[in-house]
J.: 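For reference, the structure I am asking about is given below.
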Amino acid sequence: MSRGIAITCNKKFLIGLVAFLMAAIPVGSQTISRPHVIVVGVNGMEWDIIRPLLLRGELHNFAEVIQRGAYGKMRTLSAPNCPKVYSSIATSTPPEENGITGFVVAGKTASTAMLKREPLWSILSKHSVTVGMANVPATFPVMPINGYMISGMLTRGQGCEDGILCSPKLSEVKGGEAVYPPSMVAELEMNVGDFWIDCSRMPAAEELKGKQAEAIDHWLLQVSQVRAQQAKLFDYLLSHHRTDFTMLVQSCEDRVGHWLYPIQPYNAGYDSTLHSVRVDAFPDQYRAFDQVLGKILQYVDKNTYLFIISDHGIKPLREFEEGRRLYHSSHDHGGNTPIIAKHDFEDGDDVPGIFIAIGPNIKRDVRLMGFTVSVFDIAPTILNLYGIPQPTQMKGHVLSEIFEAPRLQPTEPSAR
C-alpha cells in the first residue's frame with residue numbers, strides 16, 4: 001500500500017515537472033526565458049549617513065527596497081579602493097590573484113588588460129546571457145561581451161591621460177575604447193549627449209584658499225550635472241537596451257564624502273573655513289541617489305532581482321591611522337586635497353560596504369547581522385541565479401541565506 005502511494009506521488013511530481021519544463025520551452029523564434037538581474041553600485045555608500053535619513057523619511061525609494069528585501073553590511077577588503085574591490089567583486093578572487101591591486105599596478109593605471117581571472121560579465125556572456133554594463137570602475141578599455149559595455153572610473157581621455165579620478169567626456173576618450181560595441185557611441189551621443197564618464201577630481205588645497213564656498217559650489221554643481229547625465233544614461237539603457245544582466249555604478253558619493261563629510265570640530269583634519277560651508281553636501285548625495293533609484297525601480301518588476309551594493313563605506317579621518325600612512329596613496333583623490341574622511345584603513349571591517357537584495361524568493365525586511373555577505377559572494381550568487389556552475393577559482397559562496405527556504409510538499413501518512 002505504501003509503495004502504491006509512493007508511485008502515485010512520483011507520478012504527480014513527474015507530471016508537474018514535465019508541465020513546468022514545457023512551459024519554459026521556447027515557442028517558434030522566442031528565446032528561453034532567463035532571470036532579469038540589475039546590480040546598482042554606489043561607491044563609498046555609508047550606513048552612518050544613510051540611517052538618519054531613513055529614520056527621517058527622506059529616502060522613500062531606499063526605504064521601500066529595504067522593506068522588500070534582505071540588507072546589511074558587506075565585508076570588503078583591507079585598505080579598500082574602488083578598482084581593487086570592483087575587480088574582486090567581478091572575479092570573486094583577491095586582488096593579488098585577479099591582477100588589479102589598486103589604482104596603479106606596477107606603475108601603470110589599472111586596466112582590463114591586467115585581469116588574470118575571468119570576470120562575471122565574460123562568464124555570463126559565454127553562457128548566452130545578455131549583459132549590459134555602465135560606469136563600472138576598472139572596465140577600461142571595454143571588453144567584447146554579449147551586449148554592451150560603457151566604461152567608468154579609470155577611463156583615459158583629454159586632460160585625463162592617467163585616468164585617475166578625472167572625468168573625460170565621451171568625445172574626449174583616448175587610449176582605448178570606452179564603449180562596446182563602438183557603433184553605440186553615435187547612438188549615445190544622440191540620445192543621451194556627450195556625457196562625463198566619471199565624477200571629476202576634487203579641488204586641491206591651493207584652489208580653495210580664500211574662496212572655499214565658491215570652489216565647493218562650483219564643484220558640487222558639476223557633481224549634480226554628472227549625476228543627471230548618469231541618470232539619463234541609465235534610463236536610456238534600461239528602456240532601449242534591456243539585457244538579462246545589467247550593472248550600473250555611480251561614484252560621486254565617494255568623492256564628496258572624502259572632503260565634505262559632515263564631521264565635527266573634534267574630528268581629525270577639521271577646518272572651519274572648509275567643513276562648515278556645505279555640511280549637507282554628503283547627505284545630499286544620498287537624497288539625490290534616492291531619486292535615481294526611483295527611476296531604476298520603474299524597470300524592476302516582481303520577477304526582477306535587484307542588488308544594491310557599495311564597495312566600501314567611508315568614515316571620518318582617524319588621526320592615529322593617518323599618521324601610520326600604511327595605505328595612503330599620494331595620487332588618491334587629488335593628492336593634496338584636504339581629505340577629512342577615508343576608506344582605505346588597514347582594517348576593511350571598519351568601513352564595510354552595503355548590501356541590499358530584492359527579488360523572487362528573497363527574504364523580505366530581513367537585516368543580515370554581522371558579515372553574512374562578502375565582496376566575493378556577489379558573482380557566485382548571480383551565476384547561481386542563471387544556473388551557471390561556479391568556477392573553482394572563485395572564493396565566495398552562493399548567498400543561500402538571503403533566500404526563502406523552498407516549501408516542502410506535505411507527505412501523505414504511511415499506511416499501517
Side-chain angles (χ1 to χ4, degrees), residues 38-55 58-59 61-90 92-95 137 247 249-251 253-254 256-258 261-262 282-283 285-286 289-290 293 305-318 321 327 341-359 362-382 394-404:
I38 299 175
V39 177
V40 179
V42 182
N43 296 347
M45 184 179 281
E46 175 53 56
W47 274 124
D48 287 351
I49 300 295
I50 289 172
R51 285 193 183 99
L53 300 178
L54 285 169
L55 289 172
E58 297 182 33
L59 304 179
N61 296 307
F62 205 90
E64 176 191 339
V65 170
I66 286 177
Q67 291 167 1
R68 289 172 56 185
Y71 65 98
K73 297 184 294 185
M74 182 167 73
R75 170 164 273 153
T76 188
L77 308 175
S78 61
N81 62 55
C82 300
K84 71 189 271 189
V85 177
Y86 274 99
S87 298
S88 294
I89 289 172
S92 187
T93 57
M247 186 169 185
V249 177
Q250 297 192 146
S251 63
E253 292 82 358
D254 174 83
V256 174
H258 273 286
Y261 199 109
F282 191 28
Q285 299 308 302
Y286 298 123
F289 167 71
D290 193 64
L293 179 59
Y305 293 93
L306 172 67
F307 295 88
I308 301 176
I309 61 174
S310 66
D311 49 349
H312 52 71
I314 187 167
K315 301 289 186 184
L317 180 62
R318 298 188 305 219
E321 291 233 20
Y327 294 97
K342 291 182 63 177
H343 54 68
D344 53 348
F345 295 129
E346 181 177 5
D347 187 353
D349 289 356
D350 288 341
V351 282
I354 282 178
F355 174 86
I356 306 171
I358 65 173
I362 289 182
K363 295 176 181 178
R364 297 177 66 92
D365 197 16
V366 171
R367 180 178 178 181
L368 305 172
M369 304 299 288
F371 285 109
T372 302
V373 184
S374 154
V375 294
F376 300 122
D377 301 331
I378 305 302
T381 301
I382 290 172
M394 289 191 170
K395 307 301 183 185
H397 75 285
V398 176
L399 292 169
S400 57
E401 301 91 340
I402 70 173
F403 295 94
E404 297 285 358

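What you are looking at is a predicted structure, and each value in this text was computed from that prediction instead of being measured. All residue numbers refer to positions in the sequence shown, counting from 1.
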J.: Taking C-beta and beyond as the side chain, do Phe355 and Ile402 meet within less than 4.5 Å on heavy atoms?
T.: yes
J.: Applying side chain to side chain donor-acceptor pair (under 3.5 Å), can you list everything that pairs with Thr93, at least two apart in sequence or on another chain?
T.: Thr91
J.: So Ile38 and Phe307, do their side chains get closer than 4.5 Å, heavy atoms only?
T.: no
J.: So do His258 and Ile314 actually touch side chain to side chain, heavy atoms under 4.5 Å?
T.: yes
J.: Keeping Lys363 on the side-chain end and Glu401 on the backbone end, is there a donor-acceptor pair under 3.5 Å?
T.: yes
J.: Which donor-acceptor pairs under 3.5 Å do side chains of residues 366-382 form with protein atoms, sequence neighbours excluded?
T.:
unit_1, atom_1, unit_2, atom_2, d
Thr372, OG1, Met369, O, 3.3
Ser374, OG, Phe376, N, 3.0
Asp377, OD1, His397, N, 2.9
Asp377, OD1, His397, ND1, 3.1
Asp377, OD2, Ser374, N, 2.9
Thr381, OG1, Asp377, O, 2.8
Thr381, OG1, Leu399, N, 2.9

J.: How would you list, by chain and number, every residue that makes a side chain to side chain donor-acceptor pair (under 3.5 Å) with Gln285, sequence neighbours excluded?
T.: Arg227
J.: Which salt bridge (charged side-chain N to carboxylate O under 4.0 Å, His left out) pairs, counting each pair once, include a residue from residues 42-52, with sequence neighbours left out?
T.: Glu46-Lys315, Asp48-Arg51, Asp48-Lys315
J.: Return the set of residues passing ring pair (Phe, Tyr, Trp, His ring centres under 6.0 Å) with Tyr86 (not counting sequence neighbours), or none when no residue passes.
T.: none
J.: Do Val42 and Val249 have side chains that approach each other closer than 4.5 Å (heavy atoms only, starting at C-beta)?
T.: no
J.: Going by the angle between their ring planes, with limits at 30° and 60°, are Tyr261 and Phe282 parallel, tilted or perpendicular?
T.: tilted
J.: In chain order, what residues pass the side chain to side chain donor-acceptor pair (under 3.5 Å) check against Thr76, with sequence neighbours excluded?
T.: none
J.: Using side-chain heavy atoms (C-beta onward) and a distance below 4.5 Å, is Asp365 in contact with Tyr71?
T.: yes
J.: Just so I know, are the side chains of Arg75 and Pro352 near enough to count as touching, which here means a heavy-atom distance under 4.5 Å?
T.: no
J.: Do Leu59 and Phe289 touch side chain to side chain, with heavy atoms closer than 4.5 Å?
T.: no
